[in-house]
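Have a look at the structure below, then the notes.
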Amino acid sequence: MKYALVTGGSRGLGRAVCLKVAQMGIPVLINYQSNEAAAQEVKALVEAEGVSAELLRFDVRVKQEVDDALSRWEEAHPDDYIAYLVNNAGIRRDGMLFMMPEQDWHDVLDITLNGFYNVTTHLLPKMMMRKHGGRIVNMSSLSGLKGLPGQTNYSAAKAALIGATKALAQEVAPRGVTVNAIAPGFIETDMTKDLPQDELKKMIPVGRFGRPEEVAALTGFLLSDEAAYITGEVISINGGLYT
Ligand code: NAP
């Protein structure tokens, strides 16, 4: 049985991706860091689609936690493997670089970039061994393509994730594993709820923030068999904000 793991699956884009994956009939492992109630809610919604779901709590920053949680799951599931990985967990800690607390720099880089490293390196050997290959989707950002003032840490982390996506895609393509990145613009989630939406949407040609379900639909396509020939790509979903 092939499973999907969605990091940061408890809220926002990750939650929508879990539901999309469930609609594709793929059992889901919902990772979260601290918000168990939100993760339980996603689990119930996935199960309501008739698909099995399990919660996997770990902090993507901490390699030992990642390895322990995934190894425990693998021991309990000797005939199954995680064929679909969505590296989605992420945070913002905005501020001008000259005033940025050192911790804000490290936290953003650690979760986005080291989180990618910690989870992906655990799962990749098994993905590459199986003849059905695998799919990896990395949640980058418009910020990683364009660079946004006040987000030097976030832009650096998301741009690094794009570099990693392109390099890894070439390494693992012969084994049937695709690696792509998605670069959303402004999407309505907890992460963007403090932003001045009325002001910002004037700059967006489509005239509104995106919905998590719209990002999840793109993610679902990149995870599907139909996307087997797409790899090393960064796909923007931003209402025409940056092309
Ligand atoms: P969100 O609503 O704030 O949700 C963040 C998710 O990440 C939560 O599930 C949270 O878990 C999890 N998380 C945070 N730190 C974690 C850690 N150390 N280990 C494991 N899980 C962790 O954010 P979102 O808007 O859905 O964003 C999801 C991804 O899309 C992020 O990578 C973000 O950078 C990217 N993105 C978002 C937008 C946007 O406009 N929303 C635009 C571009 C890119 P808990 O519930 O346990 O806290």
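Just follow the structure's listing: the first ligand is 1, and inside any ligand the first atom is 1.
- For atom 34 (O) of ligand 1, the nearest protein heavy atom (residue, atom name, distance) is Tyr154 OH, 2.5 Å.
- Remark: of the listed residues Ile235, Val234, Ile230, Ile230 is the sole one forming a side-chain contact (heavy atoms from CB on, under 4.5 Å) with Asn180.
- For atom 38 (C) of ligand 1, the closest non-hydrogen atom of the protein is Gly185 O, 4.0 Å.
- Atom 46 (O) of ligand 1 has as its closest protein heavy atom Ser10 OG, 2.6 Å.
- Thr189 OG1, 3.6 Å is the protein heavy atom nearest to atom 24 (P) of ligand 1.
- In this structure, Arg92 falls outside the shell of residues with a heavy atom less than 4.0 angstrom from ligand 1.
- Scanning all protein heavy atoms for the shortest distance to atom 12 (C) of ligand 1 gives Gly8 CA, 3.5 Å.
- Using modelled atom types, one finds no donor on one side chain facing an acceptor on the other under 3.5 Å when comparing Asn35 with Ser10.
- Looking at ligand 1, you won't find any N or O of Leu142 less than 3.5 Å from one of its N or O atoms.
- Heavy atoms of Ser140 come nearer than 4.0 angstrom to ligand 1 in at least one pair.
- Looking at Lys158 against ligand 1, only its side chain comes within 4.0 Å, counting heavy atoms.
- When the side chain to side chain contact (heavy atoms under 4.5 Å, CB included) test is applied to Leu195, the partners found at least two apart in sequence or on another chain are Arg92, Phe186, Thr192, Leu200.
- Residue Ile187 has at least one nitrogen or oxygen atom sitting less than 3.5 Å from a nitrogen or oxygen atom of ligand 1, judged on distance alone.
- The closest approach between a heavy atom of Phe58 and any atom of ligand 1 is below 4.0 Å.
- Note on Glu41 versus Arg15: salt bridge recorded, some NZ/NE/NH1/NH2 to OD/OE distance being below 4.0 Å.
- When hydrogens are left out, the protein atom nearest atom 5 (C) of ligand 1 is Gly90 O, 3.9 Å; that is the closest non-hydrogen contact.
- Among Glu65, Gln33, Arg15, the residue whose heavy atom lies closest to atom 17 (C) of ligand 1 is Gln33.
- Salt-bridge formation is not detected for the pair Glu75/Arg72: no Lys NZ or Arg NE/NH1/NH2 atom is positioned less than 4.0 Å from an Asp or Glu carboxylate oxygen.
- Within the structure, every pair that satisfies the side-chain hydrogen bond (donor to acceptor under 3.5 Å, both in side chains) test and touches residues 220-239, not counting sequence neighbours, is listed here: Ser224-Glu226.
- Proximity of a side-chain donor or acceptor of Asn31 to a complementary backbone N or O of Gly8 within less than 3.5 Å is detected.
- For atom 37 (C) of ligand 1, the choice among Leu13, Asn35, Val42 with the nearest heavy atom turns out to be Leu13.
- Taking a 4.0 Å cut-off on heavy atoms, Asp59 registers as neighbouring ligand 1.
- The shortest side-chain heavy-atom distance between Val177 and Met128 falls under the 4.5 Å cut-off.
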Derivation and outcome, side chain to side chain donor-acceptor pair (under 3.5 Å), residues Lys146 and Ser155: CA-CA 8 Å; Lys146 183 183 179 293; Ser155 297; over 6 Å; no
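- Taking each heavy atom of Pro212 and Gly12 in turn, the nearest pair found is CB-O, 4.0 Å.
- Considering Asp190, Ile182, Asn114, Val215 only, the shortest heavy-atom separation from atom 2 (O) of ligand 1 involves Asp190.
- For atom 27 (O) of ligand 1, the closest heavy atom belonging to the protein is Met191 CE, 3.9 Å.
- At a 4.0 Å cut-off, not a single heavy atom of Ala38 sits close enough to ligand 1 to count as contact.
- The cationic atom of Lys20 (NZ for Lys, CZ for Arg) does not lie both less than 6.0 Å from the six-membered ring centre of Phe221 and within 45° of the ring axis.
- Looking from atom 28 (C) of ligand 1 to the surrounding protein, the closest heavy atom is Asn88 OD1, 3.2 Å.
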